[in-house]
Amino acid sequence: MPVYESIKNADNKIVISAQNKDSVVFGWDKVASALAALVKGGKKNIAIDGWYGINFEKIAKAVADKVEGAKVVLIGAEKLFKSREEIIAYNQPFVTDDPGFGKVNKFGVVEDIMCSCAIEEMKKALERKDGQVVIIYGVGASIKAFADLIDVKCYVDNTHQKVQWDMWTGKLATFGCTEPIKNYHWKEYNYSDYYILKRQKDYMYEAMDFYIENYFENDLVLVPRKAYDEIMSTLVKYPIHEVKIFSPGPWGAYRYHDMDYGVEGLANNAWNKIAGPELRILIDFGGERSISMPMLNAMQYGKELVGELIDKTYPGLFPLDIWLDDGWHPEPQPAERISMPMHIHPSSKYVQDNFDEPLGRYETYYIAEAYEGANTWMGFHDDADIEEWERLCEASNNITPIENWKDFIANWDSKEGDLYLIPPGTMHGHGGNQMVLEMDTNPSINGTEYSFFEYDFARPSWDDDAKTMTGKPLKMHLEHGRNMEKTRRASWVKDNLLSTPKVIKWTKEYFIDQYKTTPVMPYHVERIHFEKRGVLDTEGKFMHMLTPTVATKVTVRSLTNPELKAECDKFSSLVIPACFGEYEIINECGGRVTCVIQHWKKG
């Protein structure tokens, strides 16, 4: 799936000490020189470890070229790994035979796919006392076995979207490989390699001497460990922006043209993700430029970010997602063009039993804007024959149309402010002609999405190269759909899932309302309404996902530490860390403001 990014107003402006700010080195040559200078100070062995998608050899050679007065030996860490065939066999239990999903590698570490004899040979090379400087580079270059033999440990990071794009376009070199892998299965990354990489990264958070940003191919930023720690511990004291991503699709629409996101090349907008675990963040700490890193790096401070309960219950998991589903079309369109696929989501038990994931997907649709014909598909008609629906979906397999599909799926007219609760097992889909603020739980540390498609109108998918809907129809997940389907009927949906708000706090300045919920939903959806200023409180335990839906621009500012603040535009989100406490939201542009807040029920 093609992905586009918007960095408009995405910088996280934080303040750190002058000493740590000035210690950060910007620029390829300056970084290489800074690392090479350590050799003059007596350092001999340097490891350049990191995530997939980095040109480690280029960095290592640049450092070696700057070293003076010593012979440099470059050793690629790919020599440590088992054969590609052995790694494929190792990954097979996690890839599985399921065509749509795999199983999480819950305990694997990078040493599991390395040769013990190769590790011992590398230790001998690092132990040499002949004055040589050894630079070992590549994924896994700084494993625990080398901890006492390496003088300088570096970690070069990469972002989720860059790695995914390299993977989908066949440009990704994986464990033990120096060239891109042609037969690399995407589930190897999503279910095994990602977790191996993450555990090595978790180790390097504590072991590294330097963090290196290499988001731009021809640029490096060298962040000393002390500066990195201050940057990250400071970041989670502020409201956090993430870089929004946009993806076209068969039901994609065109409201984004009016929103001035600064996105080039996007032909239609189906999915616009504005907050979640797999996005990147930009951090402006006063250096020469902002640095990029994965949002999940902030989970080093999980208690401060997501709250103590979530941090203990789901270690490492960023539990909430926000999407903005575009639905505006200049001319009326048939439902089969503007509707999402008919699909359902799994419960926590289902993803635990089938995919070894920690949390199911519990979704809500908040209607941020409603246009003529705004509607949502949710639940089955009271008299629908569910077995017949399943039979028709099997026969179609999304290749041939189901002419009478509307006889099965209930449809609801939408207006601005409506909230649809969508617990697991509820058949549903955005019906178009509306802007949906889609709030979800995130089931996966990796950000893997769990939607079980049953019918997508047998329509072509989007071909982003041709900029036309001429791609192959989407694949369905009919077995999982049958297993998870709860056959919720329209009358039950009306009484239980079409939520209405109740005022829970009113002042002369602002008021807060909270939508009715059901016990199975783990989070609340609330709104705050005001003209000049409103006040909210994370209580030190609830992360807030805050999105202005009626506003132009607001400022979110801590009441106890006013210097901790961030601006937020309409239809953008701020992640308000659980530790943030009481804060004010200030209207910067006049008129009335409504902000939607998603937060966990228990804290």
Side-chain angles (χ1 to χ4, degrees), residues 3-16 20-21 23-28 31 50-51 53-54 155-165 201 211-223 227-246 259-264 266 272-301 304-305 318 321-322 324 447 545-548 553-556 563-577 580:
V3 170
Y4 300 80
E5 290 187 324
S6 170
I7 62 171
K8 182 181 177 182
N9 298 336
D11 278 309
N12 292 284
K13 297 181 180 181
I14 67 174
V15 178
I16 64 172
N20 281 331
K21 180 187 73 173
S23 72
V24 178
V25 180
F26 291 83
W28 192 276
V31 169
W51 202 272
I54 300 296
Y155 191 87
V156 192
D157 213 351
N158 207 351
T159 61
H160 180 88
Q161 301 303 334
K162 283 186 68 178
V163 173
Q164 290 276 353
W165 194 241
K201 187 177 187 178
Y211 178 90
I212 298 178
E213 188 249 53
N214 184 214
Y215 185 77
F216 300 103
E217 183 178 350
N218 294 313
D219 197 11
L220 295 175
V221 182
L222 185 72
V223 185
Y228 177 83
D229 288 346
E230 187 183 2
I231 288 169
M232 299 311 296
S233 62
T234 302
L235 174 74
V236 296
K237 297 175 182 176
Y238 283 76
I240 300 174
H241 288 281
E242 298 182 79
V243 175
K244 295 185 285 289
I245 59 173
F246 300 75
M259 305 310 296
D260 191 26
Y261 289 123
V263 181
E264 296 183 3
L266 184 65
N272 171 11
K273 191 157 194 178
I274 56 179
E278 73 272 36
L279 302 182
R280 71 176 170 115
I281 52 177
L282 289 166
I283 305 176
D284 178 358
F285 56 87
E288 293 181 18
R289 67 167 173 84
S290 297
I291 61 172
S292 288
M293 66 176 64
M295 174 64 186
L296 283 176
N297 285 24
M299 287 300 295
Q300 289 177 259
Y301 296 88
E304 291 82 358
L305 181 62
F318 187 95
D321 267 335
I322 299 185
L324 193 67
M545 306 282 270
L546 183 144
T547 309
K553 185 187 294 290
V554 301
T555 294
V556 172
E563 70 277 10
L564 304 177
K565 60 183 179 179
E567 291 185 343
C568 190
D569 300 327
K570 179 179 181 178
F571 293 154
S572 296
S573 287
L574 283 175
V575 178
I576 314 295
F580 199 61

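Note: hydrogens, waters and symmetry copies are ignored here, and every other heavy atom, side chains too, is used.
- Partners of Lys237 by salt bridge (Lys or Arg N to Asp or Glu O under 4.0 Å), not counting sequence neighbours: none found.
- Between the side chain of Ser572 and the main chain of Cys568, no donor-acceptor pair closer than 3.5 Å is present.
- Residue-environment remark: CD (Glu563) exceeds the threshold of 12 foreign heavy atoms within 6.0 Å.
- Side-chain contact check for Ile281 versus Leu235: some heavy-atom pair is nearer than 4.5 Å.
- Between the NZ atom of Lys244 and the CG atom of Leu279 there is a distance of 10.0 Å, given to the nearest 0.5 Å.
- Legend: residues meeting side chain to side chain donor-acceptor pair (under 3.5 Å) with Thr547, ordered by chain and number and at least two apart, are Ser573.
- Residues passing the side chain to side chain donor-acceptor pair (under 3.5 Å) test with Lys162: none are found, sequence neighbours excluded.
- Residues Val223 and Glu213 fail the side-chain proximity criterion, which asks for heavy atoms closer than 4.5 Å.
- Contact record, Asp321 with Pro277: OD1-CD, 3.0 Å, taken as the closest heavy-atom pair.
- Closest approach of Ile240 and Val236 over heavy atoms only: CD1-CA, 4.4 Å.
- Taking the side chain as every heavy atom from C-beta outward, Ile212 and Ile54 never approach each other to under 4.5 Å.
- Here Lys13 pairs with nothing under the salt bridge (Lys or Arg N to Asp or Glu O under 4.0 Å) rule; sequence neighbours left out.
- Side-chain atoms of Met259 and Ser6, non-hydrogen and from C-beta on, never get closer than 4.5 Å to each other.
- Considering CZ of Phe318 and CE of Met545, their distance stands at 4.0 Å, rounded to 0.5 Å.
- Within the structure, the side-chain hydrogen bond (donor to acceptor under 3.5 Å, both in side chains) test picks out the following pairs touching residues 276-288 (sequence neighbours left out): Glu5-Arg280, Tyr215-Arg280, Lys273-Glu278, Arg280-Ser292.
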Problem - Chi angles and distances behind the side chain to side chain contact (heavy atoms under 4.5 Å, CB included) call for Met293, Ile283 - result: CA-CA 8 Å; Met293 66 176 64; Ile283 305 176; 3.9 Å; yes

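- Closest approach of Phe26 and Ile291 over heavy atoms only: CE2-CG2, 4.3 Å.
- Evaluation of the side-chain contact (heavy atoms from CB on, under 4.5 Å) rule for Phe216 yields Asp219, Arg289 as partners, not counting sequence neighbours.
- Using a 4.5 Å heavy-atom threshold, the side chains of Leu564 and Phe580 count as touching.
- Going from atom CG of Leu324 over to atom CZ of Phe246 covers 8.0 Å, rounded to the nearest 0.5 Å.
- Under the side chain to side chain contact (heavy atoms under 4.5 Å, CB included) rule, Phe285 has a single partner from Thr234, Val24, Val15, which is Val24.
- Here the side chains of Leu282 and His241 are not in contact, with every heavy-atom distance at 4.5 Å or above.
- How far CG of Asn297 is from CE of Met232: 5.0 Å, rounded to the nearest 0.5 Å.
- Between Ile274 and Glu242, the shortest heavy-atom contact is O-CB, 4.4 Å.
- Looking at Asn214 and Trp28, their side chains come closer than 4.5 Å, going by heavy atoms from C-beta outward.
- Residues passing the side-chain contact (heavy atoms from CB on, under 4.5 Å) test with Gln164 are His160, Met167, Trp168, Tyr189, Asn190, sequence neighbours excluded.
- Side-chain contact check for Leu266 versus Tyr261: every heavy-atom pair is 4.5 Å or farther apart.
- In this structure, Lys21 has no side chain to side chain donor-acceptor pair (under 3.5 Å) partners at least two apart in sequence or on a different chain.
- Taking Lys565 as the reference, Thr555, Arg557 meet the side-chain contact (heavy atoms from CB on, under 4.5 Å) condition, with sequence neighbours excluded.
- Between Pro239 and Val556, the shortest heavy-atom contact is CG-CG1, 4.0 Å.
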Practice task
Using the side chain to side chain contact (heavy atoms under 4.5 Å, CB included) rule, take Tyr238 and Asn12 through it: C-alpha gap first, then chi angles, then the decisive distance, then the call.
Solution key: CA-CA 8 Å; Tyr238 283 76; Asn12 292 284; over 6 Å; no

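- Scanning for ring-ring contact (aromatic ring centres under 6.0 Å, His included) contacts around Tyr228 gives Tyr211, with sequence neighbours left out.
- Applying the side-chain contact (heavy atoms from CB on, under 4.5 Å) rule to Asn20 yields the partners Ile16, Ser17, Ser23, Lys226, Ala227, Glu230; only residues at least two apart in sequence or on another chain are considered.
- A search for side chain to side chain donor-acceptor pair (under 3.5 Å) contacts involving Tyr155 returns nothing, not counting sequence neighbours.
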